[in-house]
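Have a look at the structure below before the remarks.
Side chains included, hydrogens not; waters and symmetry mates left out as well; all remaining heavy atoms used. Here the structure is a predicted model, which means the values were calculated and not measured. Heads up: numbering here begins at 1 and tracks the sequence.
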Amino acid sequence: MTRALVLGGGGPVGIAWETGLLAGLAEGGADVSHADWILGTSAGSFVGAHLAMSRNPAAMLEAEFAAADQIKAATPSDGPARPAPDLTPLMSVMMSKPPGEPLAIEGRLKLARMALEAQTVSEDVFIAGFGPLAEGEHPWPPGYACTAVDVADGELVIWGPDKAAPLIRAVASSCSVPTIFPPITIDGRRYIDGGMRSGTNADLAKGHDKVLLVAVAPPAFAPFMMPGLEAELAQVRAGGGEAALIVPDAGSGEAFGPNLMDGSRRGDIARAGHAQGLAEAARIKAFWG
């Protein structure tokens, strides 16, 4: 029996919530970090890489709390808060797709053009922000893959053992939100966030016996996102696999705030994810086996 863990995108909010959720699941007796295959998209590529490198979920949560404390310490208490990135241009394209379907090639190419034209930090500065993952050269973790989109043709790329890239560049490419971060260069080609095809890409897990999909679908976004999640899980089930889904509960959704790129609430979001993981542990343990 093979088990796949699929971790979806969701910016700094998604990283904090998924980290807390996985730690809560593990603490509750449902440690899913030893999946046969871990597929990450955007935020999920970052969290999934750490899991695949055998990092303990509890240690990952402590690191997330430490990062949240650093952000809080660096934020002036008597000045205006740093504005979150404007996602309006990106969302205008993403919302144009029919519910339940991946964004078509034409839409991905439009986002690629927007990404290439945007004024952002350099690739090196962006990559340096990934902390320990950007330090030194890490071997490709076994059983791990992450997604990106090629800016030249809009095609989805799956970085993994069969199409390897330097780990940090693969993860950075998966996290390269158009207009916010720079496209990432790998072997002379440039790539943007794999979430520009789908926020989860869970259909790629078809063929595994059990698939757990963790999707950053806040309650406010659920009407737009759920048809796509259900369609991807239907493909998993059509391939003979069982599938389970975790999306943010009401408490997590309240902690998120309105912008998934706003990391100012990371500590609270991670705590909400941890609480939800504890609450979900019995259900997921029964599913995961």
Where the side chain of [X] meets the backbone of [Y], is there a donor-acceptor pair that is under 3.5 Å apart?
| X | Y | value |
| --- | --- | --- |
| Arg197 | Leu156 | no |
| Ser174 | Thr147 | yes |
| Thr19 | Ile15 | yes |
| Asn259 | Pro85 | yes |

Residue of the set Lys163, Arg189, Arg190 for which salt bridge (Lys or Arg N to Asp or Glu O under 4.0 Å) holds with Asp150: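 Considering Lys163, Arg189, Arg190, a salt bridge (Lys or Arg N to Asp or Glu O under 4.0 Å) with Asp150 is found only for Arg189.
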Mutual orientation of the aromatic rings belonging to [X] and [Y] [parallel < 30°, tilted 30-60°, perpendicular > 60°]:
| X | Y | answer |
| --- | --- | --- |
| Phe46 | Phe130 | tilted |
| Trp140 | Tyr144 | tilted |
| Tyr191 | Trp159 | perpendicular |

Taking side chain to side chain donor-acceptor pair (under 3.5 Å) as the cut-off, I'd like each qualifying pair that reaches into residues 99-109, sequence neighbours left out, listed once.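 Residue pairs passing side chain to side chain donor-acceptor pair (under 3.5 Å), neighbours aside: none found.
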Taking it one step at a time, do Met114 and Ile192 satisfy side chain to side chain contact (heavy atoms under 4.5 Å, CB included)? CA-CA 11 Å; Met114 291 165 58; Ile192 56 173; over 6 Å; no
For the atom pair [atom1] ([X]) and [atom2] ([Y]), what is the distance rounded to the nearest 0.5 Å?
| X | Y | atom1 | atom2 | answer |
| --- | --- | --- | --- | --- |
| His208 | Leu39 | NE2 | CG | 8.5 Å |
| Asp209 | Thr2 | CG | OG1 | 4.0 Å |
| Leu133 | Ile168 | CG | CD1 | 4.0 Å |
| Asp36 | Lys210 | CG | NZ | 12.0 Å |
| Ser45 | Leu7 | OG | CG | 9.5 Å |
| Ile105 | Asp153 | CD1 | CG | 7.0 Å |

To check you understand the geometry: which heavy-atom pair defines the closest contact between [X] and [Y], and what is its length?
| X | Y | value |
| --- | --- | --- |
| Arg55 | Ala63 | NH2-CB, 4.0 Å |
| Asp249 | Gln276 | N-OE1, 3.0 Å |
| Ala272 | Gly251 | CB-O, 4.2 Å |
| Ser42 | Cys175 | O-SG, 3.2 Å |
| Gly194 | Thr41 | C-CG2, 3.7 Å |
| Ala30 | Lys285 | CB-N, 3.8 Å |

Go through it in stages, so that I can follow the logic: the residues are Asp124 and Ser122, the test is side chain to side chain donor-acceptor pair (under 3.5 Å), and I'd like the CA-CA distance, side-chain angles, deciding distance and then a yes or no. CA-CA 5 Å; Asp124 288 343; Ser122 69; 5.4 Å; no
In sequence, state the C-alpha distance, the side-chain angles, and the governing distance for Val93 and Met196, and then conclude on side chain to side chain contact (heavy atoms under 4.5 Å, CB included). CA-CA 10 Å; Val93 178; Met196 300 308 101; over 6 Å; no
Is any NZ, NE, NH1 or NH2 atom of the basic residue among Lys206 and Asp203 found under 4.0 Å from an Asp or Glu carboxylate oxygen of the other?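 A salt bridge is absent here (no side-chain N lies under 4.0 Å from a carboxylate O).
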Close side-chain approach of [X] to [Y], heavy-atom, < 4.5 Å:
| X | Y | result |
| --- | --- | --- |
| Met53 | Leu167 | yes |
| His34 | Trp288 | no |
| Val214 | Val32 | no |
| Phe126 | Ile184 | yes |
| Leu103 | Met94 | yes |
| Val157 | Ile186 | no |
| Ile158 | Asn201 | no |
| Leu87 | Ile180 | yes |

Other residues, nucleotides, ligands: >12 heavy atoms within 6.0 Å of Lys110 NZ: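 No - once you tally the heavy atoms of other residues, nucleotides and ligands closer than 6.0 Å, there are 12 at most.
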Looking at Lys97, I want to see if its NZ is surrounded by more than 12 non-hydrogen atoms of other residues, nucleotides or ligands under 6.0 Å.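 More than 12 heavy atoms, drawn from other residues, nucleotides or ligands, come within 6.0 Å of this atom.
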Measure from NZ or CZ of Arg3 to the centre of the six-membered ring of Phe287 and say whether it is under 6.0 Å with the direction within 45° of the ring axis.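 No, a cation-pi geometry is absent between Arg3 and Phe287.
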Can you pull the salt bridge (charged side-chain N to carboxylate O under 4.0 Å, His left out) pairs that have at least one residue in residues 59-71, sequence neighbours excluded?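 Output for this query lists Glu64-Arg266.
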Determine, step by step, whether Leu5 and Leu51 satisfy the side chain to side chain contact (heavy atoms under 4.5 Å, CB included) criterion, reporting the C-alpha distance in whole Å, the side-chain angles of both residues, the deciding distance to 0.1 Å, and the verdict. CA-CA 10 Å; Leu5 173 63; Leu51 285 182; 3.8 Å; yes
Atom pairs and distances, donor-acceptor, side-chain atoms in residues 215-235, under 3.5 Å, two or more places apart:
{"unit_1": "Glu232", "atom_1": "OE1", "unit_2": "Thr200", "atom_2": "OG1", "d": "2.6"}
{"unit_1": "Glu232", "atom_1": "OE1", "unit_2": "Ala202", "atom_2": "N", "d": "2.9"}
{"unit_1": "Glu232", "atom_1": "OE2", "unit_2": "Ser198", "atom_2": "OG", "d": "2.5"}

